[in-house]
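Here is the structure we will look at, set down as structure tokens.
Sequence positions, counted from 1, serve as the residue numbers for this chain. Hydrogens, waters and symmetry mates play no part in the numbers below; they use all other heavy atoms, side chains included. Just so you know, ligand 1 is whichever comes first in the structure, and atom 1 is the first atom listed for that ligand. Just so you know, these numbers come straight off a predicted model, no measurement behind them.
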Amino acid sequence: MSPMRILILVVLFFIAFRLLTAGRRKKTIEAKKASASGPKEQFADVLEEDPVCHKLVPRQQAVQLRRQGKSYYFCSQTCCDTFSREQGERT
Ligand SMILES: [Zn+2]
């Protein structure tokens, strides 16, 4: 084999290697772009008053209880339990 042929093979191998790595890099960039554009919050939080401790709680974080067609929001499960116990005692 002549040295010229070896050089051509090396160059071809180098080009092929560059093409393969370039393709792989493009894919990872596309994956990063897809994960970065996540869903944005569509509405602002509404504050609800806890009927047990009278704290204001954001609706999305509150413990929700539906009773007789009305929705009640609580700061914690403990307040929700207290409320349902009190309601149960009254009726
Ligand atoms: Zn509470």
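In this structure, H54 NE2 and C79 SG are separated by 9.5 Å, a value rounded to the nearest 0.5 Å. Note that CG of L9 and CE of M4 are 11.0 Å apart. Values are rounded to the nearest 0.5 Å.
For the Zn ion (ligand 1), the count of nearby protein N, O or S atoms, meaning those under 2.8 Å away, is 4.
Residue pairs meeting the salt bridge (charged side-chain N to carboxylate O under 4.0 Å, His left out) criterion with at least one member in residues 48-62, sequence neighbours excluded, are E48-R59.
Hydrophobic cluster membership differs between F14 and I6, with clusters built from Ile, Leu, Val, Met, Phe, Trp and Tyr side chains linked at under 4.5 angstrom.
V63 belongs to a hydrophobic cluster with V52, L65, Y72, F74, F83, counting contacts under 4.5 Å between side-chain heavy atoms of Ile, Leu, Val, Met, Phe, Trp and Tyr, direct or through other members.
Under the side-chain contact (heavy atoms from CB on, under 4.5 Å) criterion, R66 pairs with Q64, S71, not counting sequence neighbours.
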